[in-house]
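Each remark here refers to the structure printed beneath this line.
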There are 2 protein chains.
Amino acid sequence: MENKKTSIGNRRQAQKEDTRKIILESSRDLFNDLGFDKTSTRAIALRAGVGVGTVFSHFPDKLSLLIAVLLDDLTATQADVMKSMPEEVPVCDRFLHLARFFYIYYTKRPDLSRTLLKELWFVKGEWGEKLTTQAFEFVFLISDMLEQAKERDEIRPEADTLLCARAFFSHYLIVLYEGLNSPNIDVKTMLSTLEGLLEQLLTGVGQPQ
Amino acid sequence: MENKKTSIGNRRQAQKEDTRKIILESSRDLFNDLGFDKTSTRAIALRAGVGVGTVFSHFPDKLSLLIAVLLDDLTATQADVMKSMPEEVPVCDRFLHLARFFYIYYTKRPDLSRTLLKELWFVKGEWGEKLTTQAFEFVFLISDMLEQAKERDEIRPEADTLLCARAFFSHYLIVLYEGLNSPNIDVKTMLSTLEGLLEQLLTGVGQPQ
DNA sequence: CGGGATTTATGAACATGCTCATTAATTGAG
DNA sequence: CTCAATTAATGAGCATGTTCATAAATCCCG
């Protein structure tokens, strides 16, 4: 009763939020159980107990549903990473720590990850921008780590940390794509490949001078 | 008359090949004119003067049609690259030469390229393998170039040329993705970014020793 | 309360990728 | 040439993502 009274004036808003949440939960469950392609929007609506149209009045398309589901997790993952990030170790190790958490997350749900990463670069609309933003923040995070490493004289002062962060990111991605592509996904192998690429980048492959 | 006689015994085979070719040509035209999404398989069939089912008896799905169309071009592009490849210049320049040709090709048809590159890693089936093969050959090509450079003492003898080739490739791809994502695509900018990344990799960003 | 305005929910309808049972054409042995 | 077998072509039909006109629910002002 009191709850009803306190919520007077925004019952509609609360209802909408509830509907949104139940759609997201249904999507999450079905995506996890059946995979992205085999989950129909009708099934999502049915499980959520709403009409198909309702789903699309909350999310512009099916892909945005997946992004919404996974971005929640990825934000949480990033928080976990930061909490457990070791200090006072080489920047390479710090980056590998970062990569490990995400690789573990992605490889646990290869199908959904493939769908997400396929679209990473080219999704349009509100949810596409959120995804791109997440990727940018990832790069900036690496850039910060490199900046700190520079202050510790770990990397050369003349190095462009943002460019270097993009290099790290591109290696991180290529290893992720390769991993998700291979039938037997193994985070350890992925991380050791990534480590090799990073060491190569730190050392350089050209003849000095 | 004589033609007919000589082709006796494989009229069916020839017919099939003709049908295949006209389907491919229709696809190419429509993809170029309308883009991938706005080209329907019905439209392709109509333009080719065949039934919809015929299209799918020659190619497993719409995406394979796109791959078939673009792989032809990409093979030709690769041949052009090799013909005009400068010798006796730094490996970085040789790679930039390679990249230029492909960047030009991709940026001329951003929509189709986006669709192709989205699927690069994860396409299934016959045509997916052809695409993956093409990518592998690209990496091996770089690896060969690096091996030659090693013999010229241009890169360190202890460097792993295959790993280095993968690094080159990952930078090549990230720049391509970024380029295709940006509204104003500019091959020159892409190439200078790529050059920066390569120089960074050759020099190394860590402190020597 | 009353009732017009606004927001939210709905599912029939549409477009499209793709399948598959059926038909048509071609072949080659007798 | 005949005809059974093989291969190619076909399009109606299905499943599914998405739209949009309509209905239902909620709000808010007088």
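Computation of the quantities below employed the complete heavy-atom set of this structure, encompassing side-chain atoms and omitting hydrogens, waters and symmetry-equivalent molecules. Note on naming: letters A, B, ... go to the chains in the order of the sequence lines (proteins, then strands), and numbering restarts at 1 for each one.
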**Request:** Decide yes or no on side chain to side chain contact (heavy atoms under 4.5 Å, CB included) for A:Met145 and A:Thr161, but give the supporting numbers first.
**Result:** CA-CA 9 Å; A:Met145 281 165 38; A:Thr161 49; over 6 Å; no
If you look at every strand shown and take non-hydrogen atoms under 4.0 Å, does [X] touch a base, only sugar-phosphate, or nothing?
{"X": "B:Val55", "value": "nothing"}
{"X": "A:Thr54", "value": "base"}
{"X": "A:Thr39", "value": "sugar-phosphate"}
{"X": "A:Ser40", "value": "sugar-phosphate"}
{"X": "A:Gly53", "value": "base"}

Length of the line joining [X]:[atom1] and [N]:[atom2], which is rounded to integer Å:
{"X": "A:Arg11", "N": "D:dA24", "atom1": "CZ", "atom2": "P", "value": "18 Å"}
{"X": "A:Lys124", "N": "D:dT18", "atom1": "NZ", "atom2": "C1'", "value": "18 Å"}
{"X": "B:Ile22", "N": "D:dT10", "atom1": "CD1", "atom2": "C1'", "value": "16 Å"}
{"X": "A:Phe59", "N": "D:dG17", "atom1": "CZ", "atom2": "P", "value": "16 Å"}
{"X": "B:Gln15", "N": "D:dT10", "atom1": "CD", "atom2": "P", "value": "10 Å"}
{"X": "B:Lys16", "N": "D:dA9", "atom1": "NZ", "atom2": "P", "value": "7 Å"}
{"X": "A:His58", "N": "C:dT8", "atom1": "NE2", "atom2": "C1'", "value": "7 Å"}
{"X": "B:Gln13", "N": "D:dA8", "atom1": "CD", "atom2": "P", "value": "9 Å"}

**Message:** Could you check whether the side chain of B:Arg12 and the base of D:dT6 have a donor-acceptor pair of N or O atoms closer than 3.5 Å, going by distance alone?
**Reply:** yes
**Item:** Phosphate-side-chain proximity, A:Thr41 and D:dG17, N/O vs OP1/OP2 below 4.0 Å
**Value:** yes
**Under-4.0 Å salt bridge between A:Lys38 and A:Asp111** = no
To the side chain of [X], which of [options] is closest?
{"X": "A:Val52", "options": "C:dG11, C:dT8, C:dT26", "value": "C:dG11"}
{"X": "A:Phe56", "options": "D:dT19, D:dT16, D:dA9", "value": "D:dT19"}
{"X": "A:Ser57", "options": "C:dT10, D:dT18, C:dT19", "value": "C:dT10"}
{"X": "A:Asp61", "options": "D:dT18, D:dT16, D:dC14", "value": "D:dT18"}
{"X": "A:Lys62", "options": "C:dC18, D:dG17, D:dA8", "value": "D:dG17"}

**Prompt:** Between B:Thr77 and B:Asp80, does any side-chain donor sit less than 3.5 Å from a side-chain acceptor?
**Reply:** no
**Item:** Between B:Gln134 and B:Gln78: side-chain donor-acceptor atoms closer than 3.5 Å
**Value:** yes
**Asked** Hey, does the Lys NZ or Arg CZ of A:Lys118 hover above the aromatic six-ring of B:Phe122, less than 6.0 Å from the centre and inside 45° of the axis?
**Response** no
